[in-house]
Visitor: 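I am attaching a structure below and will ask some questions about it afterwards.
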Protein chains: 2
Amino acid sequence: MKKYLLTDEWNIIENEFHADRLRASESIFSLGNGRLGQRGNFEESYNSDTLQGSYVAGITFLDRTRVGWWKNGYPNFFSRIPNAPNWSGIYVRLIDEELDLATWDIDRFERRLDMKEGISYRDFEVTSPKGHTLQVHVEHLNSMANQNLCLIKYSVTSVNYEGKISLVPYLNGDVKHESSNFDEKMWNIIRAETTNEYTYLWTQTKREDSQVCCAMTYQFFKNSKEVAVSAIKIEKEKMTGFSAGADVKPGDRVTLIKYTGILSSLQHERLELVEHAVKESREAKAKGWEKLVSQHKDIWKKIWEQTDIVIDGDPDAQQAIRFNIFQLNQSYRGDDARLNIGPKGFTGEKYGGNTQWNTELCCVPYFLLSNPEDVARNLLLYRYNQLPQAIENAQKLGFGNGAALYPMVTIHGEECHNEWEISFEEIHRNNIIVYAIMLYTQVTGNNEYIARYGLEVMIAICRFWSQRVSYSQAKQKYVLLGVTGPNEYENNVNNNWYTNFSCAQCLQMTLDYLEIIAHEYPDEYSRIRRATGFQYAETTRWQEIIDNMYLPVDEEKGIFIQDDGYADKELTTVNDIPAEERPINQNWSWDRILRSCYIKQSDVLLGLFLYSWHFDRETIARNFHFYEPRTVHESSLSPFVHAILAAWIGDMDKAYNLFMHATRLDLDDYNNEVNQGLHVTSMAGSWQIIVRGFAGMKIENNRLHFSPVIPPQWNSYTFKINYRGCTIEMKVDKEEIKITMMTGDELNIYIRNVVYLLSRGKELIIPN
Amino acid sequence: MKKYLLTDEWNIIENEFHADRLRASESIFSLGNGRLGQRGNFEESYNSDTLQGSYVAGITFLDRTRVGWWKNGYPNFFSRIPNAPNWSGIYVRLIDEELDLATWDIDRFERRLDMKEGISYRDFEVTSPKGHTLQVHVEHLNSMANQNLCLIKYSVTSVNYEGKISLVPYLNGDVKHESSNFDEKMWNIIRAETTNEYTYLWTQTKREDSQVCCAMTYQFFKNSKEVAVSAIKIEKEKMTGFSAGADVKPGDRVTLIKYTGILSSLQHERLELVEHAVKESREAKAKGWEKLVSQHKDIWKKIWEQTDIVIDGDPDAQQAIRFNIFQLNQSYRGDDARLNIGPKGFTGEKYGGNTQWNTELCCVPYFLLSNPEDVARNLLLYRYNQLPQAIENAQKLGFGNGAALYPMVTIHGEECHNEWEISFEEIHRNNIIVYAIMLYTQVTGNNEYIARYGLEVMIAICRFWSQRVSYSQAKQKYVLLGVTGPNEYENNVNNNWYTNFSCAQCLQMTLDYLEIIAHEYPDEYSRIRRATGFQYAETTRWQEIIDNMYLPVDEEKGIFIQDDGYADKELTTVNDIPAEERPINQNWSWDRILRSCYIKQSDVLLGLFLYSWHFDRETIARNFHFYEPRTVHESSLSPFVHAILAAWIGDMDKAYNLFMHATRLDLDDYNNEVNQGLHVTSMAGSWQIIVRGFAGMKIENNRLHFSPVIPPQWNSYTFKINYRGCTIEMKVDKEEIKITMMTGDELNIYIRNVVYLLSRGKELIIPN
């Protein structure tokens, strides 16, 4: 854990230059707008360790699979979002020197990510090896109002330099992708052209022809006055740009505004890409910086009105929860069902921008409860649209009859991962997809999505389970052999409790909804039967599996057993691990990790959280007290689940600490890995800690429940959620719970199991 | 299974050209002499699918590890024997055509591997696209008498061609290695030079500086008369050679003899390599073809005198067992403790020429019982010399106190394999190393090797087990969690019976020999204590583990259970698998294989074979009848073990079929993979079927036992073994067992538990 950023309720501030934390800061200061993503790279040259990263949503490169030892069933390709052509670069050149923070003396350095506005600011004063001192001010944003635009304002003031300063905005297609499997470069340049007014770079990913065109215009100012410079055109094979310069004296300032339009073949016909990109950048320039920035800020204002959480009395927590909400909204806007959210969003290369089950576990509840309905619905439709590939994926593994196994990681629906113990065995991922459909249906209150889309997915998943279970003569029960549970620090185990339990739940939910849809939507039901060949007789086996699923328990301890072998392990606790050996995944051999009892992330406990209506508080407490001390939380998906359960069982100390762990995971770099990118998806888990944990929101039997508690460190917390067409705001402080209905008419809510009728305009206040 | 080779007791004959089986034939017709290995590649050009392969023992290239997802503990490098510079190539050129069996019409084709002589012969008649017909005769050998020499005699007779025929012997360093992890070429050329008399190519492996120098001289003949041709020198950057030609008329024959000396930095100082290589090839030429061939044949004569097995009445079996013995002796000569035997010998790239536990399981018993004592001893010393790396390997995984984990695959002692479930978990491999030491001691009858070398290895391995076991509170027993047993179709299981049992055996053997050495070799014992820091107190825990090791059993069925989860599987049999889905490793997803009950290779049964003195015939039979029907034998290490057990329990049908499976595995390509190379190490298992299976040889309580049986298909079989300084020959036919002592004085042997005194000069004949 490393705290080097200043605490501020609305800003992330780094007020010194930390070369050793440059990659980490690049992750944290990332900018995105759902379509474009950009690590917080310096615009000017930086000739030292840095991870350059610009990403375009949905644009992929088919990397050849790299594997040590091939296993039948592995995919041939790993589809990844490549590091895009660099559209944000601006060289800063003096007569015979070039600005470079790696070699110049840094007299002053500050950068600030304004989360309210969605703009990154950088201010520094530097002195060149020859003694020339410059002051630099940079503003950088990816427009939320026009998701095709990246806007940069770059100002340089001479302190003691006299001579020409050139600002060189460029586009560069000759980028590398550090995680490339075989050191391949990923882009072909189709065409590059530079006119006096604009330049563009038209590119395609090798082996797949995803296309991106970047087009750029600029304005040049001297001492705030726009000047028409006759810029030198840069026209290299893979790089284009302008060199725009002016002679300065000490005190003079030159400023360049770079307007870049970045368009992809997701939005436009390939042959029209250049035209549209050029148009975007020219129109942006015509509109001008002030107006573009103002439109961008307006969108952020709306986002914050919808989803802000206010925490009074704890600036570290306030800053962190806003950082989490900020990055989530930078990563996903919910306007395109072809897109999803990679675990790192657009903040690094790790996981290749692929979608994982994090989406359903963390993000769907967040977007569903805090955003317009369509946003979560698009996340669900993403999976629905990929059902054919999920069926194909199951076929590759030997399953038939329309059984679906959703991939562990994917962009376009095909499995991209190639670890047998994960790709083939971490199959519980199917169940969270059904869970998300169920949650969507409960929160929206209507079954139309299930009838139109969800049920097909559910049937296909049930068919998978029906074939994947086997019957143990020894146990006289259905078993699931050879699985990896959520705890990836055990692999290839038998009867992972979470997998077995959620499998049965998934079958049960499908049986329940089958009845409902057959009655409420008979036409859709017929369509689904025709489309899937579903026979009601299939449900007989599903029911038999539900009734006879093996679930390992330890009666004596009163807990569920994580899997068949877990009880044989040496059951030490995390406190027995020397501090210098944490995180264990960076210090222990994989072998040692696997044999240990240490849990990467909630496993049994995850089941208790997700399917909470089946378990009483004492059961949850017993399991929590057994498993939490053995959990190292080396997955970002872990702390939030534990924080919620801790809040439920009244362990507020633990709940608060785990909240801070989950929420400040990246800001304080708990696992020493933020250099690789942010844990964007799990940030939605942080939001859930407050709403589902501290406020105790649950939906049970079609009723909306809350059981609010508040960490002693806080004066109050306030959030909004959407539920069945209503938006309600809840403020919890130490004395009372105040609930206001913002939109909607009337709603019954249960506070600590007492029902209250909520209606618009009236505040409901309940003593806490 | 594909039989396309003719049956002959001393030869392997392919009498038609099979382009589709070219790679397979290249494997089968491989030539080696323990130091040099060569696939049966055509000397002339072949512009179609072929796997070129020449290999030099002990010369390695450090390939970068290729892995999909890194696990802590993986090695950075994979050390492999690279495809060496091509020293066997001879282009055959007409005026404007070049001989190429891929494009010329083949009128007649035969090749023959003479196993008695160790020479490969090839005869064919071909017609070029322009209608020129040639007859070609080739003789090729890697000298057993001088292991640095490759000798080729290449004759071309014109049938209807008039004009110049050029024979172009060359050395080529620009070779590729198909299995290269990152498509790297592996050789740097240090220097190449061509004089009128000789040419050489001096090369080094990249990243490691293993060096090989090939030097070549030649003789040219026209119609059997040597002619001095003024050859054209070929001097390319990575290739050298001569173009030697003569004008011919129909009926004329030109012949080229290529004498190549191939020397490596294992034998010589790097800077003297060129000098020695040139000397070898010049001296060879001076000695001449006839003499060199005759010396080579003499060595093979001696080898066959020592190790031939004669089977009367079954030419397929006779051919196969000789092929197995032949390839074993081509792969390993036992004169250099730095060398070992890769699973494919020198016949392909697969496994990179690395040593695996196959050596101890298959090869040590074969060489120990049939070759001079030093040969097996060198195999044992190979491991002893690598003890420091085995200790380091264990350290990387978190073990201390001098614990050793021998690598799964290695050349120089470091673990090279990178599948966690194998490298970290298939740890039973440690035990076969102790077993081999024990066997060596029993067969030689003296404890000197253990005192000087073996005990250190044994202590280090026991220390590993002492740390690797854990105590299960639930079972109140010591358990071994997270292992992969010999059956690699299950991974990461708990309590693999074979691993647990052999672990306890290994601890017990070490305890036994500790006592013996402490008394017999007190000085060595003191030295070992000092060298290893061994404390006798350590044995208390070893004894405790032996006494409390958990061994899964099914009391009802009276069998040992392969591992903790096995009984939960659906226990179908191999007969339930459709024929077109065999071998399952080429047709099923890995996931399906893992979940099935199907066993790749003997696992429980292997334990019953190796530690047979602990089990009665009924126990063996019960386990055999349970496990054999579930075993797919997709490892070459499997059939021989089952064949032996089948012979022991009197199932001669099964025993014979499995003998043929094991012995003709490559000749008839049972697993559709001989194109990758031969299963050289398991060939030693075939030999064991006869000696330990049919003849029932066992050593129990220091007594040599036999219980001979004979397959009904045979009239008789005859073999020799060495035991405690004696060599005895045993001939078993349907009427009697005839035993002759060839060397040695007197020996008690037990035939079906009846003791007989054997003495030199007297034949012992017992009715069968």
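Lettering of chains follows the sequences in order, A, B, ..., and the numbering in each one begins at 1.
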Visitor: Taking the six-membered ring for Trp and the single ring otherwise, decide whether the centroids of B:Trp420 and A:Trp420 are under 6.0 Å apart.
Guide: yes
Visitor: Considering only heavy atoms and a distance below 4.5 Å, find which of A:Asn418, A:Asn495, A:Asn181 pairs most often with chain B.
Guide: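 Top count of heavy-atom pairs under 4.5 Å with chain B: A:Asn418.
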Visitor: Is A:Ile427 in contact with chain B via its backbone, its side chain, both, or neither, using a 4.5 Å heavy-atom distance?
Guide: neither
Visitor: Any side-chain heavy-atom pair from B:Lys569 and A:Leu481 closer than 4.5 angstrom?
Guide: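 Yes. Closest side-chain heavy atoms under 4.5 Å.
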Visitor: Report yes if some heavy atom in the side chain of A:Arg592 is under 4.5 Å from a heavy atom in the side chain of B:Phe399; otherwise report no.
Guide: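 A side-chain contact under 4.5 Å is absent here.
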Visitor: In residues 485-493 of chain A, which residues are in contact with chain B at a heavy-atom separation under 4.5 Å?
Guide: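 Within residues 485-493 of chain A, the residues that come under 4.5 Å of chain B (heavy atoms only) are A:Asn491, A:Asn492.
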Visitor: Do NZ/NE/NH1/NH2 and the carboxylate oxygens of A:Lys396 and B:Asp591 come within less than 4.0 Å?
Guide: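 No.
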Visitor: If every non-hydrogen atom of A:Ala567 is compared with every non-hydrogen atom of B:Ser472, which pair is closest and at what distance?
Guide: O-OG, 4.5 Å
Visitor: At their closest point, which heavy atom of B:Asp568 faces which heavy atom of A:Asp564, and how far apart are they?
Guide: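 Heavy-atom minimum between the residues: OD2-OD2, 4.0 Å.
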Visitor: With a 4.5 Å heavy-atom cut-off, do B:Trp69 and A:Ile422 have their side chains touching?
Guide: no
Visitor: I need the minimum non-hydrogen distance between B:Val67 and A:Arg66, along with the two atoms involved.
Guide: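 In this case the closest contact between B:Val67 and A:Arg66 is O-NE, 2.9 Å.
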Visitor: Check whether any side-chain heavy atom of B:Lys71 sits under 4.5 Å from a side-chain heavy atom of A:Glu419, and report yes or no.
Guide: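 Counting from C-beta outward, B:Lys71 and A:Glu419 do come under 4.5 Å.
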Visitor: Can you confirm whether A:Arg468 sits close enough to B:Arg595 that some side-chain heavy atom of one is under 4.5 Å from a side-chain heavy atom of the other?
Guide: yes
Visitor: Please flag which part of A:Asp554 lies under 4.5 Å from any non-hydrogen atom of chain B: side chain, backbone, both or neither.
Guide: neither
Visitor: If you tally heavy-atom pairs under 4.5 Å against chain B, which of A:Gly482, A:Gly398, A:Ser589, A:Gly73 wins?
Guide: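 When all of A:Gly482, A:Gly398, A:Ser589, A:Gly73 are compared, A:Ser589 has the most.
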Visitor: For B:Leu594, is it the side chain, the backbone, both, or neither that has a heavy atom closer than 4.5 Å to a heavy atom of chain A?
Guide: side chain
